[in-house]
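The chain is numbered in sequence order, starting from 1. Predicted, not measured: the structure shown is a model, and the values here were computed from it.
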Amino acid sequence: MSQYLEAEDKAKPTGMSEFYENAPHAGPSGSEEAAHDSLHQEVLMAGERQEKLTFFVLLLTTCAAISGLCFGYDTGVISAALVSIRNDLGHALSDTEKEWISTSTSVGALMGALSAGALSDKIGRKWVLGLGDVWLIAGAIVICSSFSVPQIIVGRALLGLGVGTAAATAPVYIAELAPTRFRGALVTVQSICITGGQFISYCIGVPLTGEGGWRIQFAIGIAPALIQACAIHFLPESPRYDMLRGHRERAIETIRRASSSSSQQYFEAKIQALEAVVAVSARFQEKYSFKQRLRLLVTQSRYGKPAITALGIGIFQQLCGFNSLMYYSATIFAYAGFDNATATGLVVSGTNWFFTIVAMFILDRVGKRRILLCTYPGMIAGLALASVAFWKMTEETGHRLVEGSVYPTQWTNMMLGMMIVFIAFYATGSGNITWTVGELFPLEMRGIGSAVLAGGIWAANIVISATFLTLMNAIGPTPTFALYAGICLFGLVFIFFCYPEPSGLSLEEIQEIYKYGFGVKRSKEIRAEHKAAQAHILAQAGTQSPASAADEEKNVANYA
């Protein structure tokens with residue numbers, strides 16, 4: 001392990017060296033080396049691989065993930081609502097009005113996401129979640145009382161503020177509470193709630209397609225937001241935020257309850273590592289204003305490279321076209337001639353939900369980078385074959401979807417099947433992993449970084465939601481879905497070169513890997529170190545024979 005430590009000493013970043021030399025670290029040496037050493041203790045590294053999931057952590061994750069349920073429900077409900085509104089707003093909606101109603105949520109979400117970062121660093125993660133609930137409730141009330149297109153657009157924008165706040169804050173709160181080895185799975189609970197909320201909104205939309213049914217659909221969304229708004233008062237704050245604000249005892253108590261099954265030796269090592277890193281972060285936030293921190297995302301590679309990675313993952317997740325299906329699937333299936341377009345849309349949301357659950361069990365086991373590299377080709381194939389199906393089924397209508405036309409069943413079924421294939425691969429990889437990439441940012445920039453990430457996601461979402469029906473009308477479904485397939489191909493190349501493997505690394509260790517380019521190779525090396533440390537401790541404890549220890553060392557070398 002010493003060769004890695006020596007290499008990192010030589011690779012210490014220059015842009016912030018003066019700051020680190022003067023920072024009030026908790027470690028005995030008062031320098032970044034104190035934080036570095038604490039992160040690489042064998043006890044800490046091995047303990048992270050042996051942590052168990054506690055009921056306390058599950059409870060907090062569930063409460064925080066209600067934000068995801070609200071997020072999913074309030075974005076998914078629009079698909080069925082657009083079909084059932086009919087003339088309730090004074091006239092039948094045009095495609096442009098449908099795009100404006102859908103896009104207004106994304107605009108609000110962009111504003112909510114950008115503001116959530118600064119607020120979460122100022123007032124805490126959990127209270128920002130509560131603020132998001134207020135926006136969600138207010139938006140639903142405005143929509144339910146709407147009798148014109150401008151009114152419903154305002155209501156959807158208010159909903160968007162809540163959705164953006166939830167998207168930027170809930171994953172950070174969960175990640176900062178989760179044990180290292182379960183962090184990916186627990187953040188995926190948020191994604192499961194998002195896709196579950198979308199599925200529930202489709203299920204509710206099927207029987208509520210009659211007059212005024214869309215108002216009931218939006219009113220139902222008030223319930224989970226109200227439940228979380230009440231539960232927020234009983235949740236602890238993120239221990240990293242508490243430590244950053246000087247509430248050391250409160251942070252230690254939260255960590256103790258979250259790690260109640262761990263050894264005292266590991267618990268002490270974890271506190272030491274956290275204090276060392278938080279001390280750096282505290283001095284950083286004292287020295288740099290919010291505007292200066294935003295500037296550092298552009299001028300300092302320590303922060304710029306995680307931002308590039310996170311934004312790239314988020315933007316490609318949106319531009320792949322998934323949300324065009326989530327917002328407009330009922331509209332697409334109605335044009336394609338399916339008898340009950342909203343019920344057919346259940347296949348889309350149900351597939352998304354099922355494979356999100358699958359992803360929870362494999363993310364940390366297989367590795368996020370590996371999953372993305374394996375699922376993007378499936379997304380590309382699904383979209384490409386869907387574009388072929390659209391081409392064949394629309395030959396008689398000038399390669400355009402025309403409402404009321406009858407299309408060949410074999411091609412409409414192929415189109416639906418390829419959409420299911422695309423969604424299955426999307427939900428297993430990009431749909432989940434994107435919401436975890438806030439973990440790439442150092443603690444002192446995590447709030448702002450996650451907000452910038454969510455802002456980039458929603459900006460790209462605006463592009464998709466505002467242009468999809470226009471593209472379908474202008475160039476047809478085949479070029480539209482072929483375009484999405486091409487974007488996925490560029491996304492695959494980006495992931496290969498710019499996305500390291502964060503699975504199995506603590507939040508503090510992730511800061512280390514960006515000293516080596518985008519950290520792709522270094523992240524693999526640290527994961528191998530973890531396995532070696534665990535094998536060494538087991539061998540010392542007498543629970544592993546020398547032969548098996550040697551085998552483990554060999555496996556680690558092969559893994560690296």
Side-chain angles (χ1 to χ4, degrees), residues 188 191 195 198 312-329 332-333 335-336 338 344-363 366-395 399 401 407-434 460-461 463-464 467-468 471-472 475-499:
T188 303
S191 298
T195 55
Q198 292 166 342
I313 295 293
I315 289 172
F316 281 116
Q317 183 220 36
Q318 293 296 311
L319 295 184
C320 73
F322 168 78
N323 280 310
S324 64
L325 299 181
M326 189 51 58
Y327 297 153
Y328 302 113
S329 61
I332 295 171
F333 296 144
Y335 286 173
F338 287 94
T344 306
L346 278 173
V347 178
V348 171
S349 59
T351 301
N352 190 30
W353 191 17
F354 175 79
F355 281 96
T356 300
I357 296 173
V358 171
M360 182 179 70
F361 293 100
I362 65 173
L363 279 188
V366 177
K368 297 168 190 171
R369 171 182 163 84
R370 187 177 299 173
I371 288 175
L372 284 176
L373 291 175
C374 291
T375 54
Y376 257 77
M379 292 165 58
I380 295 168
L383 289 168
L385 291 174
S387 69
V388 172
F390 274 119
W391 180 264
K392 298 296 292 184
M393 66 183 274
T394 57
E395 283 181 330
H399 299 294
L401 279 178
Y407 296 102
T409 303
Q410 68 268 30
W411 295 117
T412 57
N413 287 341
M414 178 181 171
M415 175 268 291
L416 177 59
M418 290 305 99
M419 285 186 178
I420 291 172
V421 168
F422 162 68
I423 290 167
F425 282 105
Y426 168 88
T428 306
S430 180
N432 286 286
I433 293 171
T434 297
N461 186 283
V463 173
I464 287 294
T467 60
F468 176 70
L471 279 174
M472 292 279 282
I475 64 176
T478 295
T480 299
F481 280 83
L483 173 64
Y484 293 154
I487 291 171
C488 286
L489 179 60
F490 282 106
L492 178 63
V493 173
F494 175 84
I495 290 163
F496 183 82
F497 289 104
C498 299
Y499 182 68

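- We find the CE-CE distance between Met414 and Met393 to be 11.5 Å, quoted to the nearest 0.5 Å.
- Judged as a side chain to side chain contact (heavy atoms under 4.5 Å, CB included), and not counting sequence neighbours, the contacts of Val366 are Ile362, Arg370, Ile371.
- Residues Pro477 and Met472 approach most closely at CA-SD, 3.6 Å, considering heavy atoms.
- Looking at Ile313 and Leu372, their side chains come closer than 4.5 Å, going by heavy atoms from C-beta outward.
- Tyr499 is listed as a side-chain neighbour of Lys368, based on a closest heavy-atom distance under 4.5 Å.
- When side chains are defined from C-beta on, Ser430 does not count as touching Thr375, because their heavy atoms never get closer than 4.5 Å.
- Residues meeting the side chain to side chain donor-acceptor pair (under 3.5 Å) test with Tyr407, sequence neighbours left out: none.
- Legend: residues meeting side chain to side chain donor-acceptor pair (under 3.5 Å) with Ser191, ordered by chain and number and at least two apart, are Asn432.
- The nearest pair of heavy atoms linking Leu383 to Cys320 is CD1-O, 3.6 Å.
- The minimum heavy-atom distance linking Ile380 with Cys488 is given by the pair CG1-CB, 3.5 Å.
- The ring-ring contact (aromatic ring centres under 6.0 Å, His included) search around Tyr376 returns none, not counting sequence neighbours.
- With sequence neighbours excluded, the residues that form a ring-ring contact (aromatic ring centres under 6.0 Å, His included) with Phe338 are Phe333.
- Among residues two or more places apart in sequence or in another chain, the ring-ring contact (aromatic ring centres under 6.0 Å, His included) test is passed with Phe494 by Phe316.
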Output side-chain donor-acceptor pairs under 3.5 Å for residues 478-486, partner residues at least two apart or in another chain, one line each.
residue, atom, partner, partner atom, Å
Thr478, OG1, Ser387, O, 3.0
Thr478, OG1, Trp391, N, 3.0
Thr480, OG1, Gly476, O, 2.8

Kindly list each side-chain donor-acceptor pair under 3.5 angstrom involving residues 415-427, sequence neighbours excluded, with atom names and distances?
residue, atom, partner, partner atom, Å
Tyr426, OH, Gln317, NE2, 3.3

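- Partners of Phe361 according to the side chain to side chain contact (heavy atoms under 4.5 Å, CB included) rule, which considers only residues two or more places apart in sequence or in another chain, are Ile357.
- No donor-acceptor pair under 3.5 Å is formed between the side chain of Thr434 and the backbone N or O of Gly431.
- Listed by chain and number, the residues in a ring-ring contact (aromatic ring centres under 6.0 Å, His included) with Phe355 amount to none (sequence neighbours excluded).
- Summarising the geometry, atom OG1 belonging to Thr412 is positioned 10.0 Å from atom CZ belonging to Phe390; distances are rounded to the nearest 0.5 Å.
- The shortest side-chain heavy-atom distance between Thr195 and Ser349 does not fall under the 4.5 Å cut-off.
- Side-chain contact between Arg369 and Ile433 is absent, with no heavy atoms from C-beta onward closer than 4.5 Å.
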